[in-house]
Amino acid sequence: PGGHPTGHVHDKPSGMTWPPQPPGLTDVRDQSDFSGQSRRRLARDARFANLERQFASHESLKSLSGRRMTRLSIEEIPEKSPSAQVERRYHFFDRQLNSTVTVLEKRDGRFERRTVPASQYQPEITDEEGDEAIALAKAHFARRGMARAQALQGYAIQAYPADRPGFFDGRVLYVSLHVDADSPPEYVAWVDLTRQSIMAARRETQR
């Protein structure tokens, strides 16, 4: 049939978003809306900060106080009744104990905590973790006299062990440095954010 292939987006039901989003998804990133990104990050950080202030006053959370916790994401759990208070799951990575920590804020104000070893489960990396890993990788190459690495664009993804299924025991990212997104990598590194160290790194052979 004729017409633009995305023409149906104009007929979406009232009140719905495009593209569709799973229920409860809160940490949505619109890469074209920089002011929106900033507002959402500030709102997210304010919620994390409010929770962290309560660590010392709740028995189930006291052991988290003062720990090196990386803020990852917040997940809202919707209730069928619009007037009901929303439950939230706060996801952290604990760099001291190498574990994924989830704090559930219940509708009645109580908290529940779940801790899973990093080797069993880790959420996706955040933009902030990617930036941190890229900076560590570039510093590593700079110390070895590879000045060109500083001028390249860095990209980071979550890394997985090559010799077994599952996750690393720590928070490990794979970093690659390119001229641009369409160019092959010139340098690559496996960066352990927990230990603030480089597990492996190399300069790629250009063909």
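- Ring planes of F141 and Y187: tilted class, angle from 30 to 60°.
- Listed for the Q122 side chain is a donor-acceptor partner under 3.5 Å among the backbone atoms of F168.
- Atom-to-atom distance recorded for R113:CZ and L64:CG is 4.5 Å, nearest 0.5 angstrom.
- Note on E76 versus R47: salt bridge recorded, some NZ/NE/NH1/NH2 to OD/OE distance being below 4.0 Å.
- The shortest non-hydrogen separation linking A156 to L173 is CB-CD2, 4.1 Å.
- The two residues L193 and R95 have their closest heavy-atom pair at O-NH1, 3.4 Å.
- Looking at E52, E128, H91 one by one, the single match for side chain to side chain donor-acceptor pair (under 3.5 Å) with R71 turns out to be E52.
- Looking at E204 and R202, a side-chain N of the basic residue comes within less than 4.0 Å of a carboxylate O on the acidic one, giving a salt bridge.
- The environment of Q196 atom CD is dense: over 12 non-hydrogen atoms of other residues, nucleotides or ligands sit within 6.0 angstrom.
- Cluster annotation: V179 is connected to V175 through the hydrophobic network of ILVMFWY side chains, with a link wherever side-chain heavy atoms come within less than 4.5 Å.
- A distance-only check finds a donor-acceptor pair linking the side chain of Q96 to the backbone of R68 [under 3.5 Å].
- To the nearest 0.5 Å, the span separating CD on Q54 from CG on L51 amounts to 6.0 Å.
- Not a single donor-acceptor pair under 3.5 Å links the side chain of Q120 to the backbone N or O of P117.
- H58 and G109 get closest at one heavy-atom pair: CE1-O, 4.4 Å.
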List the steps and the verdict of side chain to side chain contact (heavy atoms under 4.5 Å, CB included) for L72 and Y90. CA-CA 8 Å; L72 298 180; Y90 296 80; over 6 Å; no

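- Listed for the S65 side chain is no donor-acceptor partner under 3.5 Å among the backbone atoms of K62.
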Show your working on side chain to side chain contact (heavy atoms under 4.5 Å, CB included) between L61 and V103 and close with a plain yes or no. CA-CA 8 Å; L61 305 179; V103 175; 3.9 Å; yes

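- The nearest pair of heavy atoms linking I125 to R171 is CA-NH2, 3.4 Å.
- Tracing side-chain contacts under 4.5 Å through hydrophobic residues (I, L, V, M, F, W, Y), one never reaches V188 starting from L152; they form parts of separate clusters.
- Two different hydrophobic clusters hold F55 and L97 under the rule that ILVMFWY side chains link at heavy-atom gaps under 4.5 Å.
- A donor-acceptor pair under 3.5 Å links the side-chain atoms of Q150 to the main chain of K138, judged by distance alone.
- Ion pair R110/D108 flagged as a salt bridge, since at least one NZ, NE, NH1 or NH2 atom sits closer than 4.0 Å to an Asp/Glu carboxylate oxygen.
- Linking Ile, Leu, Val, Met, Phe, Trp and Tyr residues whenever their side-chain heavy atoms come within less than 4.5 Å places M146 and I134 in a single cluster.
- F167 and Y160 have tilted rings, their planes meeting at an angle from 30° to 60° on a 0 to 90° scale.
- Closest approach of E87 and L104 over heavy atoms only: OE1-CD1, 4.0 Å.
- The two residues A159 and W190 have their closest heavy-atom pair at CB-CD1, 4.1 Å.
- V116 and F92 are assigned to two separate hydrophobic clusters, defined by single-linkage of ILVMFWY side chains at heavy-atom distances under 4.5 Å.
- Within a 6.0 Å sphere centred on CZ of R67, heavy atoms belonging to other residues, nucleotides or ligands number more than 12.
- By the 6.0 Å contact criterion, CZ on R88 is enclosed, its count of non-hydrogen atoms from other residues, nucleotides or ligands being greater than 12.
- Of the possible donor and acceptor atoms, one in the side chain of T100 sits under 3.5 Å from a partner among the backbone N and O of Y121.
- A distance of 7.0 Å separates CD1 in I157 from OG in S176, rounded to the nearest 0.5 Å.
- Rounding to the nearest 0.5 Å places CZ of R195 at 7.0 Å from CG of D169.
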Please assess L177 against E186 for the test side chain to side chain contact (heavy atoms under 4.5 Å, CB included), listing each intermediate value before the final yes or no. CA-CA 6 Å; L177 304 179; E186 296 188 25; 5.7 Å; no

